[in-house]
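Just below is one structure, and these are the notes that go with it.
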Amino acid sequence: MRVLFMCTANSCRSILSEAMFNHLAPHGFEAVSSGSFPKGQVLPRSLTTLQHAGISTDGLSSKGNDAFEDCPPDIVITVCDKAAGEACPVYFGPALKSHWGLEDPSDVVADEASIDAAFRATLARIEARCQAFFALPFDHLDRDQLKHELDRIGTL
C-alpha cells in the first residue's frame, strides 16, 4: 500500500509524516510526500528533528504532486489545512483521501527550545497516528470503513 502525505510546501509536516511512516512501516507499506506548491528544499529543522529521533532522512526531498503521476498512491493524506482545501490532481483518481491536520511547527516564533519542542510534539503526534494506522485490520475493512478509520485517526 502506497500512502502520499501532502501539504503545501512539502518541507515540514509531510516530510516528517513520510519519514515516520516509513520508519514504522511493516513490509508492503510505503509512504511518499509531495506539496501542491513545493518549496524545493526540506527545512533543516525537519531533518535534524528526524535525526535526533533516530529516523532516517535518506531520500527525503521537497517535490510536487507531478512526481507521482506515473505511480499514483492508494491513499492521499493531507496534513495542512491549505492542502486539504485543494482539489487532488486527477491522476490520484481513485485514491482514498483523508485529512490529518497538523499545526505547522515552522510557524512557531519563540526561542530555540520552544521551536524544537514544537517540532518534537508534531513528530510525536504523527507517530501516534501512524501507529493507529498500522493497527487497523486492513483485511476486514471495506473502502468506506477504511475511509472512516482514516478520518478518525486524523482527529487523534
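Predicted, not measured: the structure shown is a model, and the values here were computed from it.
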Judged by atom type as modelled, is there a donor-acceptor pair below 3.5 Å linking the side chain of Ser114 to the main-chain atoms of Ala110? no
Arg120 meets the salt bridge (Lys or Arg N to Asp or Glu O under 4.0 Å) criterion, sequence neighbours left out, with none
Between the CG atom in Leu43 and the CD1 atom in Ile15, the distance rounded to the nearest 0.5 Å is 9.0 Å
d(Ile153 CD1, Arg129 CZ) to nearest 0.5 Å is 9.5 Å
Would the distance check show the side chain of Lys63 and the main-chain N or O of Ser61 forming a donor-acceptor pair, the cut-off being under 3.5 Å? yes
To the nearest 0.5 Å, atom CG of Asp58 lies from atom CG of Leu50 at 11.0 Å
Tightest non-hydrogen contact, residues Lys97 and Asp151, listed as O-OD1, 4.3 Å
Is the shortest side-chain heavy-atom distance between Ser14 and Met6 below 4.5 Å?
no
For residues 39-54, the side chain to side chain donor-acceptor pair (under 3.5 Å) pairs (sequence neighbours left out) are Arg45-Glu112, Arg45-Asp116
Smallest heavy-atom separation, Ser62 atom then Ala9 atom, equals OG-O, 3.1 Å
Flag the pair Val32 / Phe68 as yes when at least one side-chain heavy-atom distance between them is below 4.5 Å, and no otherwise.
yes
Between His23 and Ile55, is there a donor-acceptor pair closer than 3.5 Å when you use the side chain of the first and the backbone of the second? no
I'd like to check Glu18 versus Leu60 (side-chain heavy atoms, cut-off strictly below 4.5 Å). Are they in contact?
yes
Practice item. Report yes or no: does Gln145 contribute a side-chain atom to a donor-acceptor pair with the main-chain N or O of Asp142 at less than 3.5 Å? Key: yes
query: Do Cys12 and Asp104 have side chains that get closer than 4.5 Å, going by heavy atoms?
result: yes
On a heavy-atom basis, the closest approach of Pro72 and Asp70 is CD-C, 3.7 Å
Practice task
Kindly say whether Cys80 contributes a backbone atom to a donor-acceptor pair with the side chain of Thr8 at under 3.5 angstrom?
Solution key: no
Output for pair (Leu146 CG, His148 NE2), nearest 0.5 Å, gives 11.0 Å
CG of Asp66 to OG of Ser36, rounded to nearest 0.5 Å, is 11.5 Å
(Q) In the structure I gave you, are the side-chain heavy atoms of Leu150 and Leu96 within less than 4.5 Å of one another anywhere? (A) yes
Contacts of Glu103 meeting salt bridge (Lys or Arg N to Asp or Glu O under 4.0 Å) (sequence neighbours excluded), chain-then-number -> none
Would you please test Leu24 and Phe134 for side chain to side chain contact (heavy atoms under 4.5 Å, CB included) and show each step? CA-CA 8 Å; Leu24 298 173; Phe134 292 124; 3.8 Å; yes
Interatomic distance, CE@Met20 vs CZ@Phe5, rounded to 0.5 Å, equals 10.5 Å
Applied to residues 20-37, the salt bridge (charged side-chain N to carboxylate O under 4.0 Å, His left out) test, sequence neighbours excluded, yields Arg2-Glu30
Quick one: does Ser11's side chain have a donor or acceptor within less than 3.5 Å of a partner on Val42's backbone?
-> no
- prompt: Sub-3.5 Å donor-acceptor pair from the side chain of Asn10 to the main-chain atoms of Pro38, do we have one?
  reply: no
Side chain to side chain donor-acceptor pair (under 3.5 Å) filter on Asp74, not counting sequence neighbours, yields none
Show the numbers, then the answer: is there a side chain to side chain contact (heavy atoms under 4.5 Å, CB included) between Arg125 and Leu156?
CA-CA 8 Å; Arg125 193 164 181 201; Leu156 300 178; over 6 Å; no
Are any of the side-chain heavy atoms of Leu4 and Ser34 separated by less than 4.5 Å?
yes
Those residues at least two apart in sequence (or on a different chain) that pass salt bridge (Lys or Arg N to Asp or Glu O under 4.0 Å) with Glu149 are Arg152
**Request:** Return the orientation label for the Phe133 and Trp100 ring planes: parallel under 30°, perpendicular over 60°, tilted otherwise.
**Result:** perpendicular
Quiz item: Does the side chain of Pro44 come within less than 4.5 Å of Leu47's, by heavy atoms?
Solution: no
